[in-house]
Amino acid sequence: MVLLGNVIKNVIDARGRLPHTQKRVPVDKAQENVLRKLLLSARNTSFGKEYKFRQILAHKNMIEQFQKNVPIFDYDEMYEQWWNKSLEGDTSVSWPGKVKYFALSSGTSGATSKYIPVTAKMVSQIRKSGTRLIWTLDKYDLPPKIFSKGILMLGGSTELENNSIYYEGDLSGITTAKLPLWFQNFYKPGRKISREKDWTKKLDEIVKKAPKWDIAAIVGVPAWLQILLEKIIDHYQLSDIHEIWPNLTIFVHGGVPFSPYIKGFESLLARPLVYIETYLASEGFIAYQSRPNTTSMELIVDNGIFYEFIPFTSENFDNDGNIKNNVKPIDITKVEEDVDYALLISTCSGAWRYMIGDTVKFTSKENNEIIISGRTQQFLSICGEHLSHQNLNKAIEMLEEELNITVREFAVCGRKSINGMFGHQWFVGCETPVDPVLVSETLDKNLKLLNDDYKTERLHAITSVETVILNPSVFYDWLKKQGKEGGQNKFPRVLKDEKLSDWLIFIQDYLK
């Protein structure tokens with residue numbers, strides 16, 4: 001196995017010295033090529049005929065004509081007009097052929113899960129992008145032996161629901177079920193455990209098997225992996241996870257920013273890991289961290305996804321995060337650094353000018369690097385304070401440092417009082433006893449430093465900031481009640497509408 005590790009390490013080092021494909025082709029040409037391939041593939045679909053893909057392909061300015069012919073879609077519009085037909089078994093609706101798989105998204109911004117088509121071409125896109133991520137490991141100073149060790153991927157069940165027309169499940173379950181054969185020797189927890197649908201049973205089975213595995217890398221959403229590591233440490237009475245997995249070196253994570261979790265996560269380790277962030281949504285593999293010493297991710301510009309960007313401003317979006325009329329998205333050549341953009345994607349799964357719901361910010365145009373800065377409908381602005389996910393996560397990170405506590409989960413909502421004034425209510429998951437008034441004061445102070453709009457509104461409209469301290473398990477119990485335990489599911493940071501109502505009812509029993 002040591003020899004195998006050296007061979008794999010040498011292959012990665014050799015491949016890493018070659019220029020990446022998307023580095024050899026200018027970004028504008030790469031994106032133009034992607035769009036042309038997408039339009040060619042889908043020109044005979046119902047969607048392609050409706051929006052005249054053949055005419056777009058023949059136009060001298062293809063991108064401009066594409067934006068003129070095809071409207072912007074959110075999930076509801078795409079589903080009601082097109083994707084529901086694929087769910088009913090129609091073929092070549094918005095992508096050639098029959099869609100056999102649908103990923104159930106975590107639905108953090110809506111009341112229910114969303115059905116996202118996953119085509120064979122998209123599975124190939126995800127696999128190819130994942131391979132590219134592996135090639136970037138040559139940039140890290142990693143010992144050869146870890147390349148022959150196990151990789152624990154904690155995701156949804158690979159036992160998908162079959163209703164005779166299509167299969168449905170978590171995207172991680174769909175893609176894990178299609179892992180290449182050569183990877184099976186490294187992949188843990190293995191086929192049997194990965195099929196388990198009961199999340200608690202799955203974790204228990206992994207805990208039982210943990211001593212038999214030599215794990216070098218873990219992959220998954222931070223919250224669920226932290227719970228798993230805690231279970232293993234508690235079950236075997238360990239001081240840290242490295243006692244049982246001494247070669248654990250890499251953590252590939254995504255779904256949520258890692259910064260609020262890192263303090264609690266590293267308390268379970270004997271030494272820090274190499275952290276690699278990915279942007280793998282239900283709609284496709286969008287970006288990954290391609291080099292060390294950065295918190296940004298490189299946008300994948302030449303592999304099945306065409307991007308457009310809408311400045312996330314009051315001119316383009318209303319106070320609820322809904323897009324206004326006559327908005328003009330831009331392509332990647334016109335973006336600027338340090339500006340929040342709502343992301344539109346057109347993909348090889350038949351999403352077209354689709355508003356994915358995330359906002360991104362370019363940190364480096366030269367390297368095509370971005371961070372996820374928030375959600376179009378998951379920011380907090382009840383009276384003009386415009387608090388982004390970045391603001392909220394950073395405020396929590398500062399809180400942890402100042403009060404020397406670990407926050408496992410958190411959420412915030414806006415409340416309007418009977419006198420017409422506004423307030424924020426925080427729900428903080430922390431196992432350490434802490435004064436909620438002190439937490440409120442600290443969060444308030446931090447947000448005033450981070451956001452000038454918030455500072456202004458605290459002088460006039462926002463009259464109260466309150467905090468409810470909860471056991472972190474309450475957050476996970478609520479997700480379980482929603483049918484969103486484990487896998488790629490995560491707790492929404494900003495609670496609104498139905499989710500807020502359901503949450504408040506849920507915690508009433510806890511607060512009694």
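For Phe312 and Tyr341, the gap between ring centers reaches or exceeds 6.0 Å. Aromatic rings from Phe475 and Trp503 are positioned such that their centres are separated by under 6.0 Å. In this structure, Phe258 has its ring center under 6.0 Å from that of Phe265. Note: Trp83 and Phe73 fail the aromatic proximity criterion, with ring centroids not under 6.0 Å apart.
Remark: the Ser259 side chain and the Asn393 side chain contain no N/O donor-acceptor pair separated by less than 3.5 Å. Side-chain contact check for Glu283 and Tyr354: at least one donor-acceptor pair (N or O, by modelled atom type) lies under 3.5 Å. Side-chain N/O atoms of Thr359 and Ser373 include a donor and acceptor closer than 3.5 Å. For the 3.5 Å distance criterion, the side chains of His386 and Glu457 fail to qualify, holding no donor opposite an acceptor. Using a 3.5 Å distance cut-off with no hydrogens or angles, the side chains of Asp502 and Gln482 do pair a donor with an acceptor. Between the side chains of Glu266 and Tyr275, at least one donor-acceptor pair of N or O atoms lies under 3.5 Å. A donor and an acceptor atom, one from each side chain of Asn293 and Lys139, are nowhere located under 3.5 Å apart.
Ring orientation note: the planes of Trp478 and Phe491 are tilted relative to one another, at an angle of 30° to 60°. Between Trp224 and Tyr476, the two ring planes are tilted [angle within 30° to 60°].
Each of Ile396, Leu449, Asn451, Leu380 was evaluated against Asn391; a single residue qualifies, Asn451, per the side chain to side chain contact (heavy atoms under 4.5 Å, CB included) test. Glu369 pairs in a side chain to side chain contact (heavy atoms under 4.5 Å, CB included) with only one of the listed residues (Arg291, Gln289, Lys361), which is Arg291. For the side chain to side chain contact (heavy atoms under 4.5 Å, CB included) criterion with Tyr279, the lone passing option out of Ile300, Val360, Ile371 is Val360.
We find the OG1-CD distance between Thr406 and Gln226 to be 8.0 Å, quoted to the nearest 0.5 Å. Of the inter-residue distances, the one linking Ile345 atom CD1 with Ile356 atom CD1 reads 4.0 Å to the nearest 0.5 angstrom. Rounded to the nearest 0.5 Å, atoms CG (Leu269) and CG (Leu248) are 7.0 Å apart. Note that CZ of Arg408 is 11.0 Å distant from CD of Glu400, once rounded to the nearest 0.5 Å. Rounded to the nearest 0.5 angstrom, Ile232 CD1 and Ile206 CD1 are separated by 7.5 Å.
Heavy-atom contacts from other residues, nucleotides or ligands closer than 6.0 Å to CG of Asp452 number 12 or fewer. Annotation: Lys394, atom NZ; neighbour count of heavy atoms from other residues, nucleotides and ligands within 6.0 Å does not exceed 12. Summarising the local packing, NZ of Lys324 is surrounded by more than 12 heavy atoms from other residues, nucleotides or ligands at distances under 6.0 Å. More than 12 heavy atoms of other residues, nucleotides or ligands lie within 6.0 Å of NZ in Lys496, so this atom counts as buried by the packing criterion. Within a 6.0 Å radius of NZ in Lys455, no more than 12 heavy atoms belonging to other residues, nucleotides or ligands are found.
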- Message: Evaluate Asp444 against Arg458 for salt bridge (Lys or Arg N to Asp or Glu O under 4.0 Å), listing each step before the verdict.
- Response: CA-CA 9 Å; Asp444 185 40; Arg458 279 293 280 130; 2.8 Å; yes
- Query: So Lys209 and Ile193, side-chain contact (heavy atoms from CB on, under 4.5 Å) or not? Walk me through it.
  - Reply: CA-CA 10 Å; Lys209 294 282 187 178; Ile193 296 177; 3.8 Å; yes
- List the steps and the verdict of side-chain contact (heavy atoms from CB on, under 4.5 Å) for Val335 and Ile330. CA-CA 7 Å; Val335 298; Ile330 59 176; 4.1 Å; yes
- Message: Under the criterion salt bridge (Lys or Arg N to Asp or Glu O under 4.0 Å), I'd like the reasoning laid out for Lys202 against Glu205: C-alpha separation, chi angles, the key distance, then a yes or no.
- Response: CA-CA 5 Å; Lys202 174 179 282 190; Glu205 288 299 314; over 6 Å; no
- For Glu308 and Lys328, run salt bridge (Lys or Arg N to Asp or Glu O under 4.0 Å): C-alpha distance rounded to whole Å, both residues' side-chain angles, the deciding distance at 0.1 Å, then the answer. CA-CA 10 Å; Glu308 297 174 79; Lys328 294 183 178 180; over 6 Å; no
- Task: For the pair Asp240 and Arg271, evaluate salt bridge (Lys or Arg N to Asp or Glu O under 4.0 Å) and give the outcome as yes or no after the intermediate values.
- Result: CA-CA 9 Å; Asp240 57 70; Arg271 62 182 185 277; over 6 Å; no
- Task: Begin with the C-alpha distance, continue with both residues' side-chain angles, and end with the deciding distance and a verdict on side-chain contact (heavy atoms from CB on, under 4.5 Å) for Trp245 and Asp214.
- Result: CA-CA 6 Å; Trp245 293 336; Asp214 190 356; 5.7 Å; no
- Please walk me through it: do Leu160 and Thr158 pass side-chain contact (heavy atoms from CB on, under 4.5 Å)? CA-CA 6 Å; Leu160 307 175; Thr158 58; 5.8 Å; no
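Between Asp358 and Arg375 there is a salt bridge, since a side-chain N of the basic residue sits under 4.0 Å from a carboxylate O of the acidic one. Electrostatic pairing of Glu159 and Arg191 does not count as a salt bridge here, judged by no charged N lying under 4.0 Å from a carboxylate O. For Arg415 and Glu466, the salt-bridge test fails: no basic side-chain N is under 4.0 Å from an acidic carboxylate O.
Of the possible donor and acceptor atoms, one in the side chain of His242 sits under 3.5 Å from a partner among the backbone N and O of Ala270. The main-chain N or O of Ser129 is never found under 3.5 Å from a side-chain atom of Thr131 such that the two would form a donor-acceptor pair. Within the 3.5 Å criterion, the main-chain N or O of Pro311 finds a donor-acceptor partner in the side chain of Asn316. When atom types are taken as modelled, the side chain of Glu77 and the backbone of Tyr75 share no donor-acceptor pair closer than 3.5 angstrom. No side-chain donor-acceptor contact under 3.5 Å links Thr176 to the backbone of Gly173. For the pair Glu485 (side chain) and Asp477 (backbone), a donor-acceptor distance under 3.5 Å is absent. With hydrogens and angles disregarded, a donor-acceptor distance shorter than 3.5 Å links the side chain of Gln125 to the backbone of Phe285. Checked by atom type and distance alone, the side chain of Lys231 never pairs as donor or acceptor with a backbone atom of Leu203 at under 3.5 Å. In this structure a side-chain-to-backbone donor-acceptor pair under 3.5 Å is present from Glu243 to Ser239. In terms of modelled atom types and a separation under 3.5 Å, the side chain of Gln425 and the main chain of Cys413 share no donor-acceptor contact.
Of all the heavy atoms in Glu402 and Asn446, the pair that sits closest is OE2-OD1, 2.9 Å. When all heavy atoms of Phe379 and Asp318 are compared, the pair lying nearest together is CZ-O, 4.3 Å. Residues Val221 and Asn489 come closest through the heavy atom pair CG1-O, 4.2 Å. Between Phe251 and Gly220, the shortest heavy-atom distance links the atoms CE1-O, 3.7 Å. Looking at every heavy atom in both residues, Ile332 comes nearest to Phe309 through CA-CE1, 3.7 Å. What you find for Cys383 and Ala461 is that their closest heavy atoms are SG-CB, 3.7 Å.
Judged by a 6.0 Å distance limit and a 45° cone about the ring axis, Arg493 is positioned over the six-membered ring of Phe410.
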